[in-house]
Chemist: 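I have a structure here, written as structure tokens, and I will follow up with some questions on it.
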Amino acid sequence: MFAYAKPSSNENLPTIKLDENSIKPFEYLISFIYHDKNFKITWNCVEEISRLGDKYEVDIVLKAVETFLELHFVEKPLFSIILADQYRFKKVYKETSKLILDDLPKYKSKNDELFQKLSTNTRSLLLEKYLDYHLLWSELLLVSRSYKKLPCCLKNTCFVNYINNDFISIDLSQSQSTSFHYFKDFIKNFISNKSVPCRIHYNIMMELCGFFQKFERLERDKNIDSANSYSFIEMK
């Protein structure tokens, strides 16, 4: 850009035309490049400085934005994953998806306009992952209702009785985001139980166990024993 700049008609200096609607975003970029001590990347400027860093191929700007998002994505998960999606911040993308999947309906319904800014691929991945879990949950509910009155399900070894005992309290009629955490503890207890549940319940539980093997804590919480675990999507 600088190499091909030509002098203006009035001065013997190269002229570079910038097709920006506002001077402020470019001030952000210049302030960052020249290490203005009063300038810091914040939520107020992160979108614009990301756009300019990408447009003018200033890699150090995009790296600084990625670092900012890694530290602050929990404050604005949906906005963070949009930027991560657009500029290919793989770690931020994965970590932020954990929080969004934990309560996807809230993020979509309350921020639908923002949600639509995600790429079609990312929206599809989020919805598919969320539905996979809740379809299994619904299947478990239907089977439990269907088999509850059968003789083989009146035994203490039956899954229905297992979920209704005092060992753990689970409401199968509620398919809520908290079930991601709630159900992980339930599965752990279910596997450790020596009783043998009805085969049809057992098969569904094995599917759920396989699903939960892919859950992870947030990277920043990986050494905290009591930290929640989350489902996630990854950028290819």
Side-chain angles (χ1 to χ4, degrees), residues 21-22 24-25 28 40-54 62 65-141 169-186 208 211-212 214-222 224 226-236:
N21 296 324
S22 171
K24 196 64 178 177
Y28 295 150
K40 292 182 180 179
I41 295 178
T42 66
W43 290 114
N44 292 329
C45 69
V46 66
E47 184 174 19
E48 285 292 352
I49 200 170
S50 299
R51 179 181 65 81
L52 292 181
D54 180 60
L62 292 178
V65 169
E66 184 175 18
T67 300
F68 170 81
L69 292 176
E70 287 176 1
L71 294 173
H72 300 281
F73 72 89
V74 293
E75 299 165 14
K76 295 187 177 183
L78 187 55
F79 187 45
S80 296
I81 200 173
I82 288 171
L83 294 177
D85 188 18
Q86 188 170 356
Y87 301 110
R88 300 196 61 79
F89 303 145
K90 292 185 178 182
K91 181 178 178 181
V92 176
Y93 186 91
K94 177 181 177 180
E95 291 298 292
T96 309
S97 73
K98 295 175 183 179
L99 298 181
I100 294 173
L101 280 168
D102 192 45
D103 203 351
L104 184 62
K106 182 192 75 174
Y107 285 104
K108 189 177 184 305
S109 62
K110 293 186 178 180
N111 304 276
D112 190 58
E113 185 176 345
L114 201 57
F115 191 82
Q116 295 305 319
K117 289 185 178 181
L118 285 167
S119 66
T120 301
N121 180 63
T122 295
R123 288 201 307 271
S124 298
L125 288 173
L126 286 170
L127 292 170
E128 182 180 2
K129 178 69 74 169
Y130 186 83
L131 286 173
D132 281 347
Y133 170 77
H134 285 281
L135 285 173
L136 279 173
W137 180 266
S138 298
E139 186 178 357
L140 187 61
L141 169 62
S169 176
I170 291 282
D171 183 359
L172 282 176
S173 66
Q174 299 297 318
S175 183
Q176 300 175 357
S177 63
T178 53
S179 61
F180 278 119
H181 311 308
Y182 215 6
F183 214 75
K184 190 169 182 68
D185 290 334
F186 170 74
L208 282 164
F211 191 96
F212 274 92
K214 300 176 182 179
F215 273 45
E216 290 183 5
R217 297 171 185 174
L218 289 174
E219 184 69 20
R220 69 177 194 177
D221 297 338
K222 62 182 180 181
I224 302 175
S226 60
N228 287 329
S229 296
Y230 302 88
S231 182
F232 59 87
I233 59 173
E234 292 186 272
M235 184 181 292
K236 295 182 179 179

Chemist: Measure the spacing between CD of E95 and OH of Y230 and express it to the nearest 0.5 Å.
Modeler: 10.0 Å

Chemist: Which pair of non-hydrogen atoms, one from I41 and one from F68, has the smallest distance, and what is that distance?
Modeler: O-CE1, 3.4 Å

Chemist: Scan for salt bridge (Lys or Arg N to Asp or Glu O under 4.0 Å) pairs involving residues 43-54, sequence neighbours excluded, and state none if there are none.
Modeler: E20-R51, E48-R51

Chemist: Do T96 side-chain atoms and I81 backbone N/O form a donor-acceptor pair below 3.5 Å?
Modeler: no

Chemist: What residues, two or more places apart in sequence or in another chain, satisfy side chain to side chain contact (heavy atoms under 4.5 Å, CB included) together with K90?
Modeler: R88, M235

Chemist: K236: which residues meet the side chain to side chain donor-acceptor pair (under 3.5 Å) condition with it, sequence neighbours left out?
Modeler: none

Chemist: How close do L126 and L101 get, heavy atom to heavy atom, and via which atoms?
Modeler: O-CD2, 3.3 Å

Chemist: Mind checking what makes side chain to side chain donor-acceptor pair (under 3.5 Å) contact with E70, not counting sequence neighbours?
Modeler: none

Chemist: Once ring pair (Phe, Tyr, Trp, His ring centres under 6.0 Å) is applied, do any residues pair with F79, and if so which ones, sequence neighbours excluded?
Modeler: W43

Chemist: Which pairs count as ring-ring contact (aromatic ring centres under 6.0 Å, His included) when at least one residue sits in residues 91-125, sequence neighbours excluded?
Modeler: none

Chemist: Mind checking what makes salt bridge (charged side-chain N to carboxylate O under 4.0 Å, His left out) contact with K76, not counting sequence neighbours?
Modeler: none

Chemist: Look up atom OG in S97 and atom CG in L118, then write down how far apart they are to the nearest 0.5 Å.
Modeler: 11.0 Å

Chemist: Please name all residues satisfying side chain to side chain donor-acceptor pair (under 3.5 Å) with S119, sequence neighbours left out, ordered by chain then number.
Modeler: D85, T122

Chemist: Going through the distances and angles, do V65 and Y87 end up as a side chain to side chain contact (heavy atoms under 4.5 Å, CB included)?
Modeler: CA-CA 10 Å; V65 169; Y87 301 110; 5.9 Å; no

Chemist: Any heavy-atom pair between the side chains of Y130 and P105 that's under 4.5 Å?
Modeler: yes

Chemist: Atom CG in L78, atom CG in L114: separation rounded to 0.5 Å?
Modeler: 4.0 Å

Chemist: Roughly how far, to the nearest 0.5 Å, is CD of E66 from CG of L83?
Modeler: 11.5 Å

Chemist: Taking only residues two or more places apart in sequence, or in another chain, which ones meet T120 in a side chain to side chain contact (heavy atoms under 4.5 Å, CB included)?
Modeler: R123, S124

Chemist: F73 versus L218: any side-chain heavy-atom pair under 4.5 Å?
Modeler: yes

Chemist: Has the side chain of K98 got a donor or acceptor atom that lies under 3.5 Å from a matching backbone atom of R217?
Modeler: yes

Chemist: With sequence neighbours excluded, what pairs up with E113 under the side chain to side chain contact (heavy atoms under 4.5 Å, CB included) test?
Modeler: none

Chemist: For Q116, what residues pass the side chain to side chain donor-acceptor pair (under 3.5 Å) criterion, not counting sequence neighbours?
Modeler: D112

Chemist: With sequence neighbours left out, write down each residue that passes side chain to side chain contact (heavy atoms under 4.5 Å, CB included) with K40, or none if nothing qualifies.
Modeler: none

Chemist: Kindly indicate whether the side chain of L125, heavy atoms from C-beta on, has any atom under 4.5 Å from the side chain of K129.
Modeler: no

Chemist: Let me see the working for L52 and Y28 under side chain to side chain contact (heavy atoms under 4.5 Å, CB included), right down to the final yes or no.
Modeler: CA-CA 9 Å; L52 292 181; Y28 295 150; 5.9 Å; no

Chemist: Can you confirm whether D102 sits close enough to N228 that some side-chain heavy atom of one is under 4.5 Å from a side-chain heavy atom of the other?
Modeler: no

Chemist: For V92 and A84, which heavy atoms make the closest approach, and how far apart are they?
Modeler: CG1-CB, 3.8 Å

